[in-house]
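These notes are about the structure you will find just below.
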Amino acid sequence: MDIFEKMMKLDRRWIFLFLIIVCVVTYAIPFKVPILVEPEVRSIYNFIDSLPPGDIILVAIDYDPNNLAELHPMTYALVEHAWRKKLRVIFTALSQNGPGMAEQAILDISDSLKQDRTFNGVHFKGREIKNGIDYTFLGYKPYYALVILGMGQNFRLPFPTDYYGTPLDSIPMMRGVLNYDQVAGVIDLSGGSITDAWISYGQGRFNFPLALGLTGVMTAQYYPYLGSGQVFGIMGGLLGAAEYEELADNPGRAKDGMRIQLYAHMVIILFIIMGNVGYFAERRRQKREEKGR
Amino acid sequence: MAMKRQIPFALVFIFGIFMLFQYFVPHESSEWVYEFLLDWIYIIGILALALGIWSLFRVSVDKIKTKKPNWVYSYVTLMGLFIMTVFGFTAKTGDSWGLYPVFVITFMLALFMLIQVLAKPASRNLYGLFGGAFLLAAVLIAILDRTWGFYFMEAKGLQNSMFRIFFDDVMMPILSTMFALLAFFIASAAYRAFRARNLLASLLLIAALIVMLRFNPYLPYAAYVAKVSNWLMNVPNLAGQRAIVIGIGLGIVATALKVILGIERGYMGKG
Amino acid sequence: MKRTTFVVMAVVAVLFLLSWIFKAIALKGTAEHYWIQGFLITFAAFLTLAVLSFLYKDNPFYKFAEHLFVGMSAAFWMCLGFWTTIVQNLIPRLSSSLSGFFEVPTIPGDYNFFFYIPVLLGLLLLMRLSPKGGWISRWPLAFIVGTTAGLNFIRYLRSDFIKQISSTFVPLFGTDWQGAGHFFSHLDLSATGQLALIAANWLIFVGVFTGLIYFFFSKEHTGWFGRASRVGIWILMITFGASFGYTVMGRVSLLVGRITFLFKDWLSLIS
Amino acid sequence: MKVILGIVFLAVLLTCSVAFAQTDAMTPADSTAADTLSPPAPPTDVKAVDTPNDHGHSITVTWKLSTDDGGGAKSVSHYEIFRSASPTGPFDSVGTAVAGQTIFVNGGDKEKQSEDYFPDDSNFYYRVDAVTMNDSVRSSSEIAGPAHAYGQWYNTGRTPVLVAVLLFMILTIYFVSRARKGQELYVRPLGGIEAVDDAIGRATEMGRPILYVLGLGTAADVATIAAFTVLGRVAKRVAEYQTDIIVPTYDPIVMTVAQEVVQSAYLDAGRPDTYKEDSVFFVTQSQFAYVAAVNGIMLRELPATNVYMGKFYAESLLLAETGAVAGSIQISGTDEIAQIPFFIVACDYTLIGEELYAASAYLGREPVLLGSLKAQDWGKALVIILAIAGIVAANFGWTWFTHLFKVAN
């Protein structure tokens, strides 16, 4: 067996071994990989970055633990960025198993805000994030389409109280906040059909700026909404989250994940190329042999 | 004969036609029947699970009985089946588990012995005796130990910490690792099949490569590759998907119609 | 048992024990039941590795994990189905005394006695187990197949047929067509966005068209028809390649989850 | 040569994408806040009627916008809708609609026990208030009514679907009856199905079984029903050749049906005595446990051929790759679009989407089944014709044509 034939008929277990070694090594060694930022993620970052302090955004944490791996990093990167910019955030969790996870994320992000940090050369002083002042967590209500429609009339219709049972009227941040009109924009992070409801019932009816965070599998089918202007930005999967982390100069779990993804992809591509080189060399040799005969 | 052959197809026709035209009747009464029928299907499905569990049990015992290759592992299956069932119907009432572990082990041993009765008719009496004794012991523990109990009436078993621990720490690791095997298999499948053998294979290969390279920042013209891959996903991919979806829709509609009209009968067997 | 198998088993057992002890010691400060916690994490790691070992070849560890998983998951779904469907949805509708027995609140309704029908159908299905009454199990099957065939007929006709057709209705000559003259006078090559959109729409249309031709079964694929169906299969292959390439990313992230478990939660090698 | 052609084809596609650009996002609309004391103009022409095309328990209220809707100092922020059982009141608020809306559906639950119960056949009166940002600054419309809710027997919004249903039924019945009369029908060869017979022959030669995987579908999935028909054919061949068949199932009802199918196939082949009851068995109703078990079977029983037909999800590649390692010939067919690529890559033959449904007709070679295949093709021809007509309509701005395809929810 010559080298080309070996390249063509490699035992798949070598591929497995190589893949797992590459994954473990890239996971264990935290080196930096450049991340290419696409315009659809940059527009979300720019949107948040350009809002004046005190503005309100709505972050819909509408995924459940199944999609945590891909969408959680987006929540962390985006909300931390928003709070550093002193924006106020309304959270919803319209997926049944979501609220507990969303609450945990909010508390985690609040913790990281306590430290002084420097992002993109700008120094941010740590501060305490207070429920009711910096954010309101509305929690879960069934029938997400109706909830989205209801919030267009008044947040108090679907959510008379927040997740913790406090009436919205007695939450300082919600004073004078009636519906989407008082919200600068909505960012929906979802791994399912709730996204469609935000586009058709939310953005379609009430015309607020809407950006999406989606799982990798879903991303491609939502690009048309970007073209039609219904959505101003899309973060797709771990890649989108990593791009946001890159923009916000706040490397987190998405960038860790991307490092592995990138090298795993390269391993797979390498093997594909190898197989093809072997295949073509073999074929040429066979042809030559046929001619020689 | 009619009971065997004609009535089933008559039932298929009646319910099929009803569900078909129900869609056009918004009236409450039609909606009401519709909801009933959907609930029924669900309930029948759960009752049918008994058939499945019985099949699993019988096949496993049969393997042990006839000593087919790998018969030893059938014990593992049966153990998993029974241990999880026990957990699903028990819960602790007090602060501690008391003799619960002893009970579980005794009960498992009793089941082991009783399976031996089925598998080894030669020494049936011996195993029967031991099995009965262990079963009696398990029952006695269950009656006498008040720190935990059987719950056939309340869904306490689902909150049973053992039920959840076994789900989280035994089933989940296997499940997610099985799922993760996909990462390896996708690599080996790509290596094996993505060869530019002919035009079709080359198209498959090139499209896959471009999309896989979409976020590789080391590549020259990386931004351009990302754009091209987005375009591939949104234009030719969309067209192809749409053609397949329309085709599948037609196939499903035609097959469903054939089933309702009794033209397609392959699913019902004969005789 | 072969000698090597025995040695491997022994080594694994020793490693397992060591891991258990070390893990328990490591957890001592943080967890209350650190011996149990240590065992569970070690066992989960063992199962993870057992499944991963399948990549090398089939082996006793994989067989163990597989059989355990099969048995436990069957019991798990049975318990879940029993508690959530039978006890919480069916029993409360059947009779108040039964639901009193199961300690669930009754679901009032005027026509609840209809819920005896699925119970009856479910029992008919179980008749399969009897050697002579097997044929009667076809009745519930006919009910299920008929109902869902009617349901699917409408569902797919609507979503895969009518909706997909109307989504192919896109302008192929610009967003607002006001005659050819208007189109050409506004044809500005610098406005690539518009042009690209039109080109994309054309390609989608051609793709759907040729893709559908590929799926024609009753006409021979020769002549122009054959050529169109060739283009159709090209588009389909690009679709498949692109979707394959696109999915790789999601699959690799599944692996990351398992690596995290092994190296972080179990071995604590990576902080 | 073909490779070059493919590359050229791809290059053309890629050039098209050069210009592919995305339009910019839109900017948020400014919210206006007005502080006034004089009330806005009331909404006019208020009408209350039963909501059409529903099951009752709902009344639709429509009105004409207040003249102060859409800007100005006394700008209306929303409308509040009130209802009463008598024209003189008292009126209760039943909901709000944002400014710019002219319709409100007042519906409720159909269950009498429900708090939100909305009775049919009782008269109600409605009033609509135009409300400004200051909640107390408002003006009321005239009272509309009486109106009562009732359920309809036909949903006019779904007529397009009815037309399609009837059309399809007529097509199918027409072609089936023509086929019954004995007209010859051509069916193009399907690679995967042609391979089935060879594969069974190969299994017999090698003395190895055939593995038939029905996937994760239930008896409710049409793909699984199509897979049963293929199973019947395969099982019959298996019985004739005296090979073994293994059918692990995921759903107990699917298991029951599969047993029926295989048993009667053996009967058909004239060998009911060789049918083994345990050849069709239940594994578990958990996706990955099922995969683990089937993978194990593949490596231990070493089937000569693996056939995958029906509904498959993420497990498609796990199964097909393991089968490839075991060296089995693999034939697959599914209507799960996301899984077709994996089968294409890892299997020897793949039935793409609709081909699975055609396979049952193709295998049976019964004229009636082939007739329905013809109806399917006419359906596709219709799609193409309608699509072209629709595109023409879209380019000429004939919106009425698009509206023909609008289906109410």
Side-chain angles (χ1 to χ4, degrees), chain B residues 20 23-28 31 41 45 48-49 51-52 55-56 59 62 69-70 174-175 178-179 181-182 185-186 188-190 192-194 196 198-199 202-204 206 227-228 231 235-236 241 244-248 250-259 263-264 266-271, chain D residues 2-3 5-6 10 13-14 17 20 53-56 110 151-155 158 162 168-169 172 176 220 222 225-226 228-229 232 252-253 255-257 260-261 263-264 267-268 278 281-282 288 291-292 300 314 317-318 321 335 337 345-346 353-354 357 360 368-369 372 375-376 379-380 383:
Chain B
L20 215 169
Y23 176 75
F24 303 101
V25 183
H27 197 269
E28 219 176 312
E31 208 175 48
I41 292 179
L49 207 54
L51 273 181
S55 161
L56 179 66
V59 169
D62 210 50
N70 298 310
I174 307 181
L175 190 151
M178 278 307 294
F179 204 1
L181 289 186
L182 268 177
F185 284 3
I186 213 166
S188 67
R192 194 164 43 82
F194 285 162
N198 50 39
L199 173 62
S202 314
L203 286 174
L204 193 75
I206 294 167
K227 262 213 167 98
V228 171
W231 180 85
V235 182
Q241 300 248 358
I244 302 173
V245 164
I246 292 175
I248 288 173
L250 277 168
I252 288 182
V253 167
T255 311
L257 188 62
K258 282 190 279 182
V259 166
I263 298 170
E264 167 102 56
Y267 63 92
M268 197 70 97
K270 286 179 185 134
Chain D
K2 279 189 172 171
V3 178
L5 212 96
L10 225 116
L13 298 190
L14 299 187
S17 74
F20 189 63
N53 296 330
D54 73 343
H55 65 191
K110 61 178 182 181
Q152 278 74 36
W153 286 99
Y154 178 68
N155 188 338
R158 290 175 174 177
L162 186 67
F168 210 81
M169 278 192 165
T172 307
V176 166
V222 184
I225 290 184
F228 285 138
T229 313
I253 295 179
M255 174 192 78
T256 315
V257 180
E260 283 274 327
V261 170
Q263 196 172 5
S264 56
L267 201 69
D268 253 16
D278 283 346
F281 55 91
F282 172 80
F288 288 103
V291 177
R300 283 159 222 154
L317 189 67
L318 287 175
E321 263 300 287
D335 68 351
I337 301 175
V345 163
E354 196 185 357
Y357 296 103
S360 74
V368 284
L369 292 177
S372 75
Q376 244 163 288
K380 271 173 295 221
V383 171

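Order of the sequence lines sets the chain letters (A, B, ...), proteins ahead of strands, with each chain counted from 1.
Contacts of D335(D) with chain B are made by both backbone and side-chain atoms, with heavy-atom separations under 4.5 Å. For I174(B), no part lies under 4.5 angstrom from a heavy atom of chain D. Both the backbone and the side chain of I186(B) come within contact range of chain D, each with at least one heavy atom under 4.5 Å from a heavy atom of that chain. Looking at V383(D), only its side chain comes within 4.5 Å of chain B, counting heavy atoms on both sides. Heavy atoms closer than 4.5 Å to chain D are found in the side chain of L257(B), but not in its backbone. Both the backbone and the side chain of A346(D) come within less than 4.5 Å of a heavy atom in chain B.
With chain B as the partner, the residue from F168(D), W153(D), F282(D) showing the most heavy-atom pairs under 4.5 Å is W153(D). Chain B forms the most heavy-atom pairs under 4.5 Å with one residue out of E354(D), M255(D), Q263(D), K380(D), and that residue is E354(D). Looking only at heavy-atom pairs under 4.5 Å with chain D, the residue among L181(B), V25(B), I246(B) that has the most is V25(B). No other option in A375(D), A220(D), G232(D), A292(D) has as many heavy-atom pairs under 4.5 Å with chain B as A292(D). Contact count versus chain D (heavy atoms, under 4.5 Å) is highest, among A256(B), A190(B), A193(B), A189(B), for A189(B). For the set L49(B), V59(B), L20(B), V259(B), the entry with the most heavy-atom pairs within less than 4.5 Å of chain D is L49(B). Across L56(B), I252(B), I244(B), L51(B), the residue that shares the most heavy-atom pairs under 4.5 angstrom with chain D is I252(B).
Rounded to the nearest 0.5 angstrom, Q241(B) CD and I248(B) CD1 are separated by 9.5 Å. In this structure, OG1 on T229(D) lies 9.5 Å from OH on Y267(B), to the nearest 0.5 angstrom.
Every residue meeting the side chain to side chain contact (heavy atoms under 4.5 Å, CB included) condition with D62(B), not counting sequence neighbours, appears here in chain and number order: K68(B), D278(D). Residues that satisfy the side chain to side chain contact (heavy atoms under 4.5 Å, CB included) test with P26(B), not counting sequence neighbours, are Q152(D), N155(D).
For the pair L162(D)/Y154(D), a side-chain contact is recorded, criterion being any heavy-atom separation below 4.5 Å from C-beta on. Side-chain contact between F179(B) and V291(D) is absent, with no heavy atoms from C-beta onward closer than 4.5 Å.
Remark: the E28(B) side chain and the H55(D) side chain contain no N/O donor-acceptor pair separated by less than 3.5 Å.
In terms of modelled atom types and a separation under 3.5 Å, the side chain of T255(B) and the main chain of V222(D) share no donor-acceptor contact.
Shown here for P252(D) and A48(B), the closest heavy-atom pair between the two residues is CB-O, 3.2 Å.
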